[in-house]
2 protein chains.
Amino acid sequence: MSGFPALNHDHGHCRADGLAAAEKLCEERGTRLTPLRRQVLDVLLAQHRAMGAYDIAQEMGAQETGVAEGSSKRAPAAMTVYRTLDFLMSMGLVHKLESLNAFIACAEPGETHPVQFLICRQCGRVAELESEAITETVTRAAQKVGFEVDAPVIELTGRCPDCRQAARA
Amino acid sequence: MSGFPALNHDHGHCRADGLAAAEKLCEERGTRLTPLRRQVLDVLLAQHRAMGAYDIAQEMGAQETGVAEGSSKRAPAAMTVYRTLDFLMSMGLVHKLESLNAFIACAEPGETHPVQFLICRQCGRVAELESEAITETVTRAAQKVGFEVDAPVIELTGRCPDCRQAARA
DNA sequence: CAATGTTCTGTTAGAATGTCACATATAGGG
DNA sequence: CCCTATATGTGACATTCTAACAGAACATTG
Ligand SMILES: [Zn+2]
Ligand SMILES: [Zn+2]
Ligand SMILES: [Zn+2]
Ligand SMILES: [Zn+2]
């Protein structure tokens with residue numbers, strides 16, 4: 001699925017799907033989706049937005065744990081978050097947005113195709129594109145000057161359909 | 001000119017052209033190419049590579065000034081460099097490479113077309129592409145999902161022709 | 001189970017990148 | 001020359017990311 005989800009879509013579904021896909025992938029590859037890793041991924045899955053590593057840590061600290069009210073686990077150290085993000089990225093479950101120094105849950109885990117990002121400057125939502133046309137055009141244009149691309153970074157900032165709609169009103 | 005320059009090209013020419021273009025642009029727009037700004041730009045023009053702001057500062061500190069041997073001006077503070085880079089970017093004389101947190105002198109100042117970057121992971125050189133095909137394809141693919149792009153970030157890491165050639169030997 | 005090696009997490013410190021606020025200097029226009 | 005806008009200096013600080021080492025959890029083997 002490419003592009004931005006509807007504003008009122010069933011996001012619980014996105015989230016559950018994301019976690020399920022993660023479990024499946026780790027199972028298949030013999031890696032471990034530990035509680036920490038799952039929690040970091042879940043924080044990212046909570047919104048279609050990118051978060052900095054420190055924001056993730058803070059959010060994890062804020063989440064109440066256990067039944068006792070007010071009980072909250074301490075936020076993990078930055079190092080821990082970065083390590084966990086490295087793992088999730090190596091699994092293709094999380095992407096880094098270089099232009100934001102921030103991270104986002106992958107929308108289509110399992111696929112390994114090169115991906116482009118659409119970043120709405122207004123609402124902050126991020127969507128993935130998997131345009132074969134873009135990938136091909138870029139690869140070909142580079143080839144034309146003898147360059148061999150192996151890590152394309154394509155991040156398009158602008159306005160999403162919903163924010164354009166709102167502006168028009 | 002798109003793509004990587006020949007390894008043995010006359011780089012003094014690149015550098016002189018870059019400075020000349022900068023003077024012309026600032027003249028036209030009524031802005032001032034002060035000694036500081038000129039010096040920062042010149043440091044970037046010295047190579048077809050990207051440099052971090054702190055590297056630029058250090059390089060400026062290292063450059064000898066005046067005739068007395070060993071005399072070197074102190075490196076400017078980070079803030080000064082960032083401010084100067086902001087100016088040069090606003091003039092279109094310098095670009096920021098988001099995926100490297102680094103800056104590079106524009107290869108075609110004056111042009112305001114959207115640009116793509118080719119970054120050689122091996123030799124570190126960076127070339128600009130001005131592929132109309134890429135720009136169009138990207139814009140169109142975004143439009144197809146209702147997204148309006150206004151700041152594309154396209155940075156392609158890989159291997160340049162010369163490094164590929166060297167590897168093949 | 002016990003011993004052992006591997007992977008994962010905690011912790012501390014520090015490097016690298018970027019910004020704020022305020023002081024000073026400099027250029028240009030009456 | 002004075003005044004104002006612009007440019008630069010300076011110090012502190014915020015943010016992002018990494019290195020190094022210690023301890024915990026897990027898996028494997030004898
Ligand atoms: Zn959703
Ligand atoms: Zn939006
Ligand atoms: Zn050159
Ligand atoms: Zn190269």
Side-chain angles (χ1 to χ4, degrees), chain A residues 22-23 26-27 29-44 49-61 63 65 72-91 93-104 124 153 155, chain B residues 22-23 26-27 29-44 49-61 63 65 72-91 93-104 124 153 155:
Chain A
E23 293 201 355
C26 289
E27 173 74 20
R29 303 182 195 169
T31 56
R32 297 184 339 200
L33 188 63
T34 65
L36 179 66
R37 289 165 175 178
R38 167 188 281 272
Q39 198 192 353
V40 167
L41 178 59
D42 189 53
V43 165
L44 285 176
R49 286 183 173 79
M51 296 179 73
Y54 284 81
D55 296 330
I56 294 171
Q58 185 179 339
E59 178 62 26
M60 289 170 71
Q63 284 178 10
T65 170
S72 57
K73 58 184 84 167
R74 282 214 326 281
M79 184 70 251
T80 300
V81 176
Y82 280 106
R83 256 189 319 226
T84 307
L85 288 169
D86 281 344
F87 169 82
L88 293 170
M89 285 192 289
S90 77
M91 289 288 114
L93 294 164
V94 163
H95 300 295
K96 176 167 189 184
L97 295 184
E98 299 290 348
S99 62
L100 298 178
N101 295 321
F103 304 84
I104 188 163
V153 169
E155 301 175 5
Chain B
E23 294 201 355
C26 290
E27 173 75 18
R29 302 182 195 169
T31 56
R32 298 183 349 209
L33 188 62
T34 64
L36 179 66
R37 289 166 176 176
R38 165 189 284 271
Q39 197 191 355
V40 167
L41 178 59
D42 188 53
V43 165
L44 284 177
R49 286 183 173 79
M51 297 180 72
Y54 284 80
D55 296 329
I56 294 172
Q58 185 179 337
E59 178 62 26
M60 289 170 70
Q63 284 179 8
T65 168
S72 59
K73 57 183 84 166
R74 282 214 326 281
M79 184 70 252
T80 300
V81 176
Y82 280 107
R83 257 190 315 228
T84 307
L85 288 169
D86 281 344
F87 169 82
L88 293 170
M89 286 192 288
S90 77
M91 290 288 114
L93 293 165
V94 162
H95 300 294
K96 174 167 190 183
L97 295 184
E98 299 290 347
S99 62
L100 298 178
N101 294 322
F103 304 84
I104 190 165
V153 170
E155 300 175 5

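The sequence lines fix the lettering, A, B, ..., with proteins before strands; numbering per chain opens at 1. The shown structure was predicted, so the numbers you read here are calculated from the model rather than taken from an experiment.
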Within the pair [X] and [N], is there a side-chain N or O less than 4.0 Å away from OP1 or OP2?
| X | N | value |
| --- | --- | --- |
| Y82(B) | dG18(C) | yes |
| T34(B) | dT8(D) | yes |
| K96(A) | dT16(D) | no |
| R74(A) | dG10(C) | no |
| R37(A) | dT9(C) | yes |

To the nearest Å, give me how far apart [atom1] ([X]) and [atom2] ([N]) are.
| X | N | atom1 | atom2 | answer |
| --- | --- | --- | --- | --- |
| E98(B) | dG18(C) | CD | C1' | 12 Å |
| N101(B) | dT19(C) | CG | C1' | 14 Å |
| R83(B) | dC20(C) | CZ | C1' | 11 Å |
| F103(B) | dA16(C) | CZ | P | 16 Å |
| M51(B) | dT17(C) | CE | P | 11 Å |
| D86(A) | dT18(D) | CG | P | 7 Å |
| M79(A) | dC8(C) | CE | C1' | 12 Å |
| L85(B) | dT19(C) | CG | P | 11 Å |

Margin query: Give me the atom names and distance for the closest heavy-atom approach of I104(B) to R49(B).
Written below: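 Answer, listing the atom of I104(B) first, then R49(B): CG1-O, 3.7 Å.
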Margin query: Is it true that, when you exclude Q58(A) itself, more than 12 heavy atoms of the residues, nucleotides or ligands shown sit nearer than 6.0 Å to its CD?
Written below: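 No, CD of Q58(A) has 12 or fewer neighbouring heavy atoms, counting only those of other groups under 6.0 Å.
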Item checked: Of F87(A) and A78(B), the one whose closest DNA chain C nucleotide lies more 5' ->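 Counting from the 5' end, the first nearest nucleotide belongs to F87(A).
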Note to self: Using the side-chain heavy atoms of A77(B), tell me which of these nucleotides is nearest: dT17(C), dT10(D), dG9(D).
What the structure shows: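 Nearest listed nucleotide: dT10(D).
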Checklist line | Atom pair CG/OG1 of L36(A) and T84(A) - distance to nearest 0.5 Å | finding: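 Rounded to the nearest 0.5 Å, the CG-OG1 separation comes out at 4.0 Å.
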Check: Would you call T31(B) and M91(B) a side-chain contact if the rule is heavy atoms closer than 4.5 Å?
Finding: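 Counting from C-beta outward, T31(B) and M91(B) do come under 4.5 Å.
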Check: Should L44(A) and L85(A) count as side-chain neighbours, where that means a heavy-atom distance under 4.5 Å?
Finding: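 Yes, their side chains come closer than 4.5 Å.
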Checklist line | Y54(A) over dT15(D), stacked by centroid distance under 5.5 Å, angle under 30° | finding: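 Aromatic stack with dT15(D) absent for Y54(A).
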Next item on the list: Take R32(A) and P35(B), find for each the nucleotide of DNA chain D with the closest heavy atom, and name the residue whose nucleotide sits nearer the 5' end.
Entry: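 The answer here is P35(B).
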